[in-house]
Amino acid sequence: MHKLSEDDAIRRTTRVLRQLYRREQQWLGCRTPEQLARLTQHGQLPLSEQLHYGELAFLLLRLKPCTIIDYADRAQLDDYVAHVISPTLRDLNALGAVAANARNCADSGACYPRPFRLVCRRIDGQLASPEVASWTGAYVVYDDVWPLSADWAKAQLLDPNNTHIAEEELARGLDYPGSIPKSPADMRAIVPVSYLGRMKDESGEWISERWECLTSFIVLQKELPQTALHRIRYQAIKMFDIEMQVNMDTSMIDEFSME
């Protein structure tokens, strides 16, 4: 079987990710006002946080073992997966089947191109975590060719006998560098972090009108050094014509430090 060159693999993958971004925008644009209200919890969540093209790009780069596809209104999730995620995975997997291994893939760094086969499965078991009362009905995307990805998803999220997952375990599988607060002191040291992205078209012009959320998580103040290293790794998303910047909200620390 003919293997794609490294440059050709990156170029074709970038094209599919652009198509994913446009599919997401089209799908959101077709929502009724009532559906949008449920997706955004009546305006509490911005639409820019309802996109998943960044999460899939990070998974392709082998930076995060898995990603969870979820919405506040899970009644709309099956339609989103069917019309946006599934056709995108079909196009991506066609590339993963003919991708050659990239050179110099470090264990903790980005690795692309590489062989992969992304799988999207619904979480049907009664699974809960400390921060989420029920994950039932959400979807997980993992790479069936990457043992760490496939084994973790099947054991932690898809095993019907597993009814609880710790936040630390979720952070490991989703590659979040922080932890949730466990004490009043931790509560005073929370830093919400967002990686914001903008994608370019074939001519180098911005496709998106504004910076939009690629992924987000919380860290504690003491975890900021490891978060900086995490950010450097994730800058590899630039190979797909996605520029990334970081937004960190330190207002909670500042508020308490001034007391």
Side-chain angles (χ1 to χ4, degrees), residues 9 12-28 30-31 35 39 49-99 111-129 132 134-160 162 165 169-176 197 199 213-217 237 240 242:
R12 294 190 187 190
T13 304
T14 301
R15 184 188 304 160
V16 175
L17 290 173
R18 287 193 190 105
Q19 192 173 32
L20 167 59
Y21 177 80
R22 290 173 174 132
R23 280 190 183 119
E24 291 195 284
Q25 295 291 346
Q26 182 179 18
W27 187 86
L28 289 170
C30 292
R31 301 298 93 191
Q35 288 174 322
L39 281 176
E49 295 184 3
Q50 311 303 308
L51 306 174
H52 294 94
Y53 75 98
E55 291 279 356
L56 286 184
F58 295 135
L59 176 55
L60 286 171
L61 290 167
R62 209 177 70 173
L63 292 171
K64 57 190 311 162
C66 296
T67 186
I68 291 177
I69 306 292
D70 199 13
Y71 278 142
D73 180 21
R74 289 187 182 147
Q76 300 182 63
L77 196 55
D78 290 347
D79 184 76
Y80 170 80
V81 168
H83 292 94
V84 178
I85 298 299
S86 292
T88 297
L89 297 193
R90 179 195 62 221
D91 295 341
L92 287 172
N93 286 337
L95 300 176
V98 293
C111 178
Y112 201 83
R114 62 184 182 84
F116 62 87
R117 187 171 73 86
L118 303 185
V119 177
C120 182
R121 286 182 56 187
R122 188 178 187 271
I123 300 173
D124 290 321
Q126 299 300 313
L127 183 67
S129 65
V132 178
S134 175
W135 286 105
T136 305
Y139 286 80
V140 58
V141 181
Y142 63 89
D143 181 3
D144 212 24
V145 173
W146 181 15
L148 173 63
S149 174
D151 293 348
W152 186 88
K154 292 172 184 178
Q156 300 297 331
L157 300 180
L158 298 171
D159 182 352
N162 188 21
I165 182 168
E169 190 63 47
L170 270 177
R172 189 172 78 89
L174 303 178
D175 193 51
Y176 292 153
M199 178 171 270
C213 186
L214 299 172
T215 191
S216 62
F217 45 86
I237 199 172
F240 298 137
I242 301 171

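The first residue in the sequence is number 1, and the count goes up from there. All figures in this text were calculated on a predicted structure; none of them were measured in a lab.
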Which atom names give the shortest non-hydrogen contact between V145 and P147, and what distance separates them? O-CD, 3.2 Å
Contacts of S216 that satisfy side chain to side chain donor-acceptor pair (under 3.5 Å) - sequence neighbours left out: none
So OH of Y53 and CZ of R18: to nearest 0.5 Å the spacing works out to 12.0 Å
What pairs with R22 under salt bridge (charged side-chain N to carboxylate O under 4.0 Å, His left out), at least two apart in sequence or on another chain? none
Could you tell me which non-hydrogen atom of A57 sits nearest to which non-hydrogen atom of I237, and how far apart they are? CB-CD1, 3.8 Å
The criterion is side chain to side chain donor-acceptor pair (under 3.5 Å); which residues satisfy it with W152, sequence neighbours excluded? E169
Nearest heavy-atom contact between W146 and L59 is CZ3-CD1, 4.5 Å
For A153 and V140, which heavy atoms make the closest approach, and how far apart are they? CB-CG2, 4.2 Å
For E55, check side-chain contact (heavy atoms from CB on, under 4.5 Å) against everything at least two apart and list the hits. K64, T67, Y176, T215
How far apart are the C-alpha atoms of N93 and F116, what are their side-chain angles, what is the distance that settles it, and do they pass the side chain to side chain contact (heavy atoms under 4.5 Å, CB included) test? CA-CA 7 Å; N93 286 337; F116 62 87; 3.8 Å; yes
Among residues at least two apart in sequence or on other chains, which ones pass side chain to side chain donor-acceptor pair (under 3.5 Å) with Y21? Q25, E212
Could you please spell out the steps behind the side chain to side chain contact (heavy atoms under 4.5 Å, CB included) verdict for F58 and D175? CA-CA 10 Å; F58 295 135; D175 193 51; over 6 Å; no
Considering residues, nucleotides and ligands other than Q26, do more than 12 of their heavy atoms fall under 6.0 Å from its CD? no
Applying side-chain contact (heavy atoms from CB on, under 4.5 Å), name anything that partners Q35, two or more places apart in sequence or on another chain. R31, T32, R38, Q76
D70: which residues meet the salt bridge (charged side-chain N to carboxylate O under 4.0 Å, His left out) condition with it, sequence neighbours left out? R74
Pair up each side-chain donor or acceptor in residues 118-125 with any protein partner under 3.5 Å, not counting sequence neighbours, and list the distances.
| unit_1 | atom_1 | unit_2 | atom_2 | d |
| --- | --- | --- | --- | --- |
| R122 | NH1 | D124 | OD1 | 2.4 |

Among residues at least two apart in sequence or on other chains, which ones pass side chain to side chain donor-acceptor pair (under 3.5 Å) with Y71? none
With rounding to the nearest 0.5 angstrom, report the CG to CG distance, L127 to L158. 9.0 Å
Inter-residue atom distance Y80.OH - Q50.CD, 0.5 Å rounding: 9.0 Å
Partners of F240 by ring pair (Phe, Tyr, Trp, His ring centres under 6.0 Å), sequence neighbours excluded? Y112
Keeping to residues at least two apart or across chains, list the salt bridge (charged side-chain N to carboxylate O under 4.0 Å, His left out) pairs with something in residues 134-149. R114-D143, R117-D144, D144-K154
I'd like to check L157 versus L170 (side-chain heavy atoms, cut-off strictly below 4.5 Å). Are they in contact? yes
The side-chain contact (heavy atoms from CB on, under 4.5 Å) partners of T136 (sequence neighbours excluded) come to Q126, S134
Evaluate the criterion side chain to side chain contact (heavy atoms under 4.5 Å, CB included) for residue pair W27 and D79; output intermediate values, then yes/no. CA-CA 9 Å; W27 187 86; D79 184 76; 2.7 Å; yes
Gap separating the OG1 atom of T13 from the CG atom of L56, nearest 0.5 angstrom: 12.0 Å
Could you go through the side chain to side chain contact (heavy atoms under 4.5 Å, CB included) check for F217 and L174 one step at a time? CA-CA 10 Å; F217 45 86; L174 303 178; over 6 Å; no
Is a donor on one side and an acceptor on the other found under 3.5 Å between the side chain of S86 and the backbone of V81? yes
What's the shortest heavy-atom distance between L39 and D73, and which atoms? N-CB, 4.3 Å
Can you name the nearest heavy-atom pair linking R23 to R90, along with the distance? NH2-NH2, 4.3 Å
Verify, without hydrogens or angle tests, whether Q156 (side chain) and G173 (backbone) share a donor-acceptor contact under 3.5 angstrom. no
Is there a side-chain contact between L20 and D91 in this structure, where contact means two heavy atoms from C-beta onward sitting under 4.5 Å apart? no
